[in-house]
Each structure stands twice: as structure tokens, then as C-alpha cells.
Engineer: 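The structure under discussion is supplied below as C-alpha cells; questions concerning it will follow.
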Protein chains: 2
Amino acid sequence: MSETAKRPRTRIQARNRQAILDAGLDCFSEAGFRGTTLDRIARGAGLSKPNVLYYFPSKDAIYEALLERLLKTWLDPLAELDPGGDPRGELLAYVARKLEMSRLFPRESRLFANEILAGAPRIGPILSGELRALVDEKAAVIRGWANAGRIAPVDPHHLIFSIWALTQHYADFDVQVRAVLGGADPFPAAEGFLAAMFDRALAPETAAGAPGALHAAGRPGGPPGDAGAGRSR
Amino acid sequence: MSETAKRPRTRIQARNRQAILDAGLDCFSEAGFRGTTLDRIARGAGLSKPNVLYYFPSKDAIYEALLERLLKTWLDPLAELDPGGDPRGELLAYVARKLEMSRLFPRESRLFANEILAGAPRIGPILSGELRALVDEKAAVIRGWANAGRIAPVDPHHLIFSIWALTQHYADFDVQVRAVLGGADPFPAAEGFLAAMFDRALAPETAAGAPGALHAAGRPGGPPGDAGAGRSR
DNA sequence: CGTGCCTTTGACCGCCCGGTCAAATCGGAA
DNA sequence: TTCCGATTTGACCGGGCGGTCAAAGGCACG
């Protein structure tokens, strides 16, 4: 298979394909698949509609190319959760990674949200396949940590859901968050808030006699911006 | 103002207007405004397209009727937060109310999510007006609780965001949640998880000299801010 | 048995949708 | 300069879009 049809052969192909995907991401993430038109994508990419169809065979193809590219990077942060690491440090680092993704790739997050809201017509099988397997695997790790008393005894699946919900909220509901905050950038404060929130939620039950080494004490090489509890904007 | 043009004069009007709003909620919450067609709403309501336009002047009118009706009930749970009540009890009850809304009105939640994802073209002013005012008011209450040491010193705005994010997630991402859980109903477990999560996150800092007596101290016997706040199911 | 109003609908309008196609244009290697 | 493939586009297609309209049905009153 020597560089078959797919990958860009020329500079101009690379540039235009990228422009189309970029404009498509803008549109799909805002209006969903059905609410997006080829004309809008074409205008956003600075191309004519037939020219867009020259690079992608259909609107579906653009959408699926975006989804495929998205899924690869979307599962990575969870996959990086290290069963051998420090439990709270690993989980807080995962929170930090996910929040960073919301900050850097809000359109991707909204694209994903739109797909789910629409009933996941295209990625449904992946959710109950790859994603479920990955989550179950990591949930087992977390349950092990909880059973060993290294973190609080929380439901691992719902803990993961809570991390997704809290971090993606800052991307998906960005407009609302900024409206309520009066336009301020929510991310700096969010980082501290989430670190403090999960740090408290995960602090292990200190059974009788356990040391007073409570959550706020110096943690190992934790994620950036830890212990920034209670920050206000 | 004696029953002017708006409200249903006849039984048949009440029934059909309701059927249209119901079908519209189905469509808009799934595909957003742009992705929804009048034909689909009409089919869902069991009416012909012109008949739908007999009850509502336009597609916009249906959408805005739904948004208006939604906003009334959407802000209520937060407005009910009682500054005079027990801090943790009040906040946990708010969490429970919001989760209950996700369980009972998932379509409304998804409609709202779609509107925000699209950039809040219609409710933007309300977000930075009424909603912001309400949130600021309640944030001040929460800040007062924190300053008085009655709850942990958390950023009040982000605390409210976290409640929205965590509760609405179970409605907006229902498909994903159920796919990962293998189809099980997530709400029973979510209720307990969120109660525990916020109970821990809000537990006040124990004063300096009591390292061992941290937040989770009296848990087994039932803490003052009881976990089952609000609803049993 | 009208009669008048509420309700319903088939036909239609102009426009935009996703997509096709043949022809025109471009641009680099020989 | 010539040439050939890569690129671009105007014109077009069938169908679906939001919305209109006149006319037809239904239905509770006198």
C-alpha cells in the first residue's frame, strides 16, 4: 500500500483538506450534522461548493473524518491513567488533562457533544465497544484503589462521568459560563476549583488512628495548579 | 387582559398545540434548531405541515415557545436555594432537585444544551441578564456560608457550574452514559454518588488544631448535612 | 336545516439543499 | 513552449425546505 488515495499528495491538497476540516469543525460543532450545510463549510474554507466535493466525496465524509480524528485524541487522556501511579495524583492529572483539552479544543468537545445529543447515530457502537472497554478497565483500577483505602470509596464509573462532565462543561457551555461570569476567562479559576474539588472528594476515609495527613497537605508531583482551592475570579 | 389571543380557547387547540410542542421538543432537543424541519415536527405531532403552521406562525415561534416555557422552570431550582437554611443541606437539596430534573425532563435539558452549543443565539441576553443576576445573588449567599466557615471555601460560581455540569450530564449525555454502563439506569447510583461527592467537597475545613477530625469523621453514623438530602427516589 | 366559525388540507411558491458534470484554468516537469 | 494531470468553477438536477393560500371539511349552535 504505497501511499494510497487517502493522504495528501500535494501541498495544495494538504492545505485545502485542512481548511475544509477546520471549517467543518466550526460548523458541525455549532449546529450539528443536520444543521450544517455544505455551502457554509465551503464559505468558511474559502472554497466553492463543488471544490469542497472535490476533496471529500460527501458531507458525511467530512463529518466522519472529523469524528475519526477526534476519537483518537479523545480517549488518550483516560488511557494514560497509570495503575501503578499515585492514585490521587493520577486522577487529578487526568482531570487536568481533560480540562486542558476543553481549553485548547473546545470545538472538538462541542462536536462530540452534538453527536451524543443527536443520539450518537455514528459513534454509538464505539461508545458501547471501545469506550466501554476502556472505561471498565480503568474503573477496575480505580475500584482497586478504593478497596485498598488509597482513595475514598466512590463509584468508579460515576467518578469518570463526573470528570467528563465537569471538564467538558467549560468547553460545551462556554457561552453560558462566560455570560454568567461577565465575560471573564473561566479556565484559570476552573483549574484550581476542580483540583480542590476532586482532591477533597477522593481523600481516603481516615479510619481511626490514620495520620492527619489530610488532602491539602503537600502532594507528590501533582498536576499544575493544584491546591488552588477557593479561587475567585 | 381577558384571555387574549394566546391561550387555548378550545379543547382541540390545547391538544394540538401541546402535541406540536411535544414533537418539537423531541426534534429540537435531538437535532437543534437548524437541524429540525417542520415536516418532522408535523409528522411527530400527527398533523399536516400547514396544520402545524395554523397553530404556530413559524418554526421559530415553536422553538421560542419551548425556550420560554423551559426557562421558567429552569431557574426555579436555584431560586429556591434558601439563604436561611442549612448550607450543606440547601446545596445538596439543590443538587438533588437538578438531578431530578435531568431524570424527568431530559429533553428539556438537551434542548437547552443545543441552544448553548449553537452559541445561545436566542437566550444569550437572558444568560447575561436574569441568569447572571440570579447566580450572582446566590453566589453571594454561598460565599457568605464559606466565609463563615459553614462550608468549605469554594469558588461559589464554579460550585454552581459544577452542579449544573454534573446533573445535566446525566440528561445530555444519557446515550453515552448508558452505553458505557451497558444500558443500566444510571440515576439511582448517580443520586448517591453526587450526594457523597458534594458532601465531601463542601465539608468545612476543620480548624487548625484538629488534623485527625477531618470532614469525613462522623460519616457512618450520618453527618449533620445528611446525604439523602431532598429525595429518596 | 342552515349558518358561521374552527379546523384541515392539497397544491403551490421561491429558495436552498447535497451532489454531479463538463468545461475551463492552473502549474510544474520535460 | 508544450503538455498533462491537478484543480477550480458555473450550470444544473431532483428533492426538501419554510411558508402561503384558497378551498374544503367538520361541528356546535340557532
Side-chain angles (χ1 to χ4, degrees), chain A residues 2-28 30-67 114-115 118 121-122, chain B residues 2-28 30-67 114-115 118 121-122:
Chain A
S2 57
E3 303 290 270
T4 50
K6 196 62 178 296
R7 286 297 94 189
R9 296 99 98 88
T10 78
R11 317 291 148 79
I12 214 168
Q13 279 215 5
R15 172 170 51 84
N16 283 349
R17 281 183 64 98
Q18 188 51 47
I20 291 168
L21 288 175
D22 195 66
L25 185 52
D26 273 338
C27 296
F28 288 129
E30 186 180 310
F33 180 78
R34 284 185 196 159
T36 295
T37 72
L38 273 177
D39 284 281
R40 217 178 272 259
I41 295 176
R43 202 177 314 130
L47 301 172
S48 66
K49 186 169 64 171
N51 203 4
V52 168
L53 275 312
Y54 170 75
Y55 290 99
F56 289 87
S58 67
K59 177 180 155 185
D60 276 79
I62 302 173
Y63 187 71
E64 284 173 9
L66 283 168
L67 270 189
N114 256 308
E115 168 71 8
R122 287 170 176 78
Chain B
S2 56
E3 303 289 88
T4 50
K6 195 63 175 297
R7 287 298 96 191
R9 294 99 97 90
T10 78
R11 316 292 150 77
I12 214 167
Q13 278 216 4
R15 172 169 52 86
N16 283 349
R17 282 183 65 97
Q18 188 50 47
I20 292 167
L21 288 176
D22 195 66
L25 184 53
D26 273 338
C27 295
F28 287 129
E30 185 178 311
F33 180 78
R34 284 184 197 160
T36 295
T37 73
L38 274 178
D39 283 282
R40 217 178 274 259
I41 294 177
R43 203 176 314 129
L47 302 171
S48 67
K49 187 169 64 172
N51 204 4
V52 168
L53 274 313
Y54 169 76
Y55 290 100
F56 289 88
S58 66
K59 178 180 155 184
D60 276 80
I62 302 173
Y63 187 71
E64 284 173 8
L66 283 168
L67 271 188
N114 256 309
E115 168 72 8
R122 287 170 175 80

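The basis for the numbers below is simple: all heavy atoms, side chains too, and nothing from hydrogens, waters or symmetry mates. Chain letters run A, B, ... following the sequence lines, proteins first and then strands; every chain starts at 1.
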Engineer: What integer distance in Å separates A:Ile41:CD1 from C:dC17:P?
Structural biologist: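 For the pair A:Ile41 CD1 and C:dC17 P, the rounded distance is 11 Å.
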Engineer: Could you check which of D:dT9, D:dA6, C:dG19 has an atom nearest any side-chain atom of A:Leu53?
Structural biologist: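 Of the candidates, C:dG19 comes closest.
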Engineer: Measure CZ/B:Arg15 against C1'/D:dG26 and give the value in whole Å, please.
Structural biologist: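 After rounding, the reported distance stands at 13 Å.
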Engineer: Return the value, rounded to whole Å, for the distance between atom CZ of A:Arg43 and atom P of C:dC16.
Structural biologist: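 For the pair A:Arg43 CZ and C:dC16 P, the rounded distance is 10 Å.
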Engineer: Starting at atom CZ of B:Arg34, determine the distance to atom C1' of D:dG18, rounded to an integer number of angstrom.
Structural biologist: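 Atom CZ in B:Arg34 sits about 15 Å away from atom C1' in D:dG18.
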Engineer: May I ask you to evaluate whether A:Tyr54 reaches the phosphate of D:dT7, defined as a side-chain N or O under 4.0 Å from OP1 or OP2?
Structural biologist: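 Yes, because at least one side-chain N or O of A:Tyr54 sits under 4.0 Å from OP1 or OP2 of D:dT7.
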Engineer: Checking contacts here: which listed nucleotide (C:dC17, C:dG19, C:dT7) is nearest the side-chain heavy atoms of A:Thr37?
Structural biologist: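 Of C:dC17, C:dG19, C:dT7, C:dC17 is nearest to the side chain of A:Thr37.
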Engineer: Looking only at side-chain N and O atoms, does B:Gln13 come under 4.0 Å of OP1 or OP2 in C:dC6?
Structural biologist: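 The answer is no; no side-chain N or O of B:Gln13 sits under 4.0 Å from OP1 or OP2.
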Engineer: With hydrogens left out and only the distance checked, is there a donor-acceptor pair under 3.5 Å joining A:Lys49's side chain and the base of C:dG18?
Structural biologist: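 Indeed, a donor on one side and an acceptor on the other fall under 3.5 Å apart.
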Engineer: To the nearest angstrom, how far is A:Asp39 atom CG from C:dC15 atom C1'?
Structural biologist: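 After rounding, the gap between these two atoms is 12 Å.
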Engineer: Quick one: pull up OH in B:Tyr55 and CG in B:Leu21 and give me the separation to the nearest 0.5 Å.
Structural biologist: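 Here the rounded value is 12.5 Å.
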Engineer: Say you draw a straight line from CG of A:Leu53 to CD1 of A:Ile41; how long is it, rounded to the nearest 0.5 Å?
Structural biologist: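 A:Leu53 atom CG to A:Ile41 atom CD1 measures 10.0 Å (nearest 0.5 Å).
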Engineer: Out of curiosity, B:Lys49 NZ to B:Lys59 NZ, how far, rounded to the nearest 0.5 Å?
Structural biologist: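 The NZ atom of B:Lys49 sits 11.0 Å away from the NZ atom of B:Lys59.
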Engineer: Could you check how far OH of B:Tyr55 sits from P of D:dT20, rounded to whole Å?
Structural biologist: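 Nearest whole value for this atom pair: 17 Å.
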Engineer: What's the closest nucleotide to the B:Pro50 side chain, out of D:dT20, D:dG19, C:dT8?
Structural biologist: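 The answer is D:dT20, which lies nearest to the side chain.
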Engineer: Please state whether the phosphate of D:dT8, meaning OP1 or OP2, lies under 4.0 angstrom from any side-chain nitrogen or oxygen of A:Asn16.
Structural biologist: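 Answer yes for this pair, as a side-chain N or O of A:Asn16 is under 4.0 Å from OP1 or OP2.
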Engineer: Show your working on side-chain contact (heavy atoms from CB on, under 4.5 Å) between B:Glu30 and B:Arg40 and close with a plain yes or no.
Structural biologist: CA-CA 12 Å; B:Glu30 185 178 311; B:Arg40 217 178 274 259; 5.9 Å; no
Engineer: Using the closest heavy atom to pick a nucleotide of DNA chain C for each, name whichever of A:Asp60 or B:Arg11 lands nearer the 5' end.
Structural biologist: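 Its nearest nucleotide lies further toward 5', so the answer is B:Arg11.
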Engineer: Where do N or O atoms of nucleotides 25-30 of chain C meet protein N or O atoms at under 3.5 Å, pair by pair?
Structural biologist:
none

Engineer: Write down the distance between CZ (B:Phe56) and P (D:dG18), rounded to a whole number of angstrom.
Structural biologist: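 Value for this atom pair: 16 Å.
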Engineer: B:Ile12 has a side chain; which of C:dT8, D:dC17, C:dT7 sits nearest to it?
Structural biologist: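 Of C:dT8, D:dC17, C:dT7, C:dT7 is nearest to the side chain of B:Ile12.
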Engineer: Can you tell which of D:dG18, C:dG19, D:dT8 lies closest to the side chain of B:Lys59?
Structural biologist: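 Nearest nucleotide to the side chain: D:dG18.
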Engineer: Could you label the plane-to-plane angle of the B:Tyr63 and B:Phe28 rings as parallel, tilted or perpendicular, counting under 30° as parallel and over 60° as perpendicular?
Structural biologist: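 Plane angle over 60°, so perpendicular.
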Engineer: In whole angstrom, what separates B:Leu38's CG from C:dC16's P?
Structural biologist: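 My rounded result for the distance is 17 Å.
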Engineer: If you check every side-chain atom of B:Asn51, which of C:dT8, D:dC17, D:dT8 has the closest atom?
Structural biologist: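 Between C:dT8, D:dC17, D:dT8, the one nearest the side chain of B:Asn51 would be C:dT8.
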Engineer: Is it true that A:Arg122 and A:Asp60 make a salt bridge, defined as a side-chain N closer than 4.0 Å to a carboxylate O?
Structural biologist: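 Yes.
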Engineer: With rounding to the nearest 0.5 Å, note down the distance linking CD1 in B:Ile20 to OH in B:Tyr54.
Structural biologist: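 The CD1 atom of B:Ile20 sits 11.0 Å away from the OH atom of B:Tyr54.
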Engineer: Take A:Ile62 and A:Thr36 through the side-chain contact (heavy atoms from CB on, under 4.5 Å) test and state the conclusion after the steps.
Structural biologist: CA-CA 11 Å; A:Ile62 302 173; A:Thr36 295; over 6 Å; no
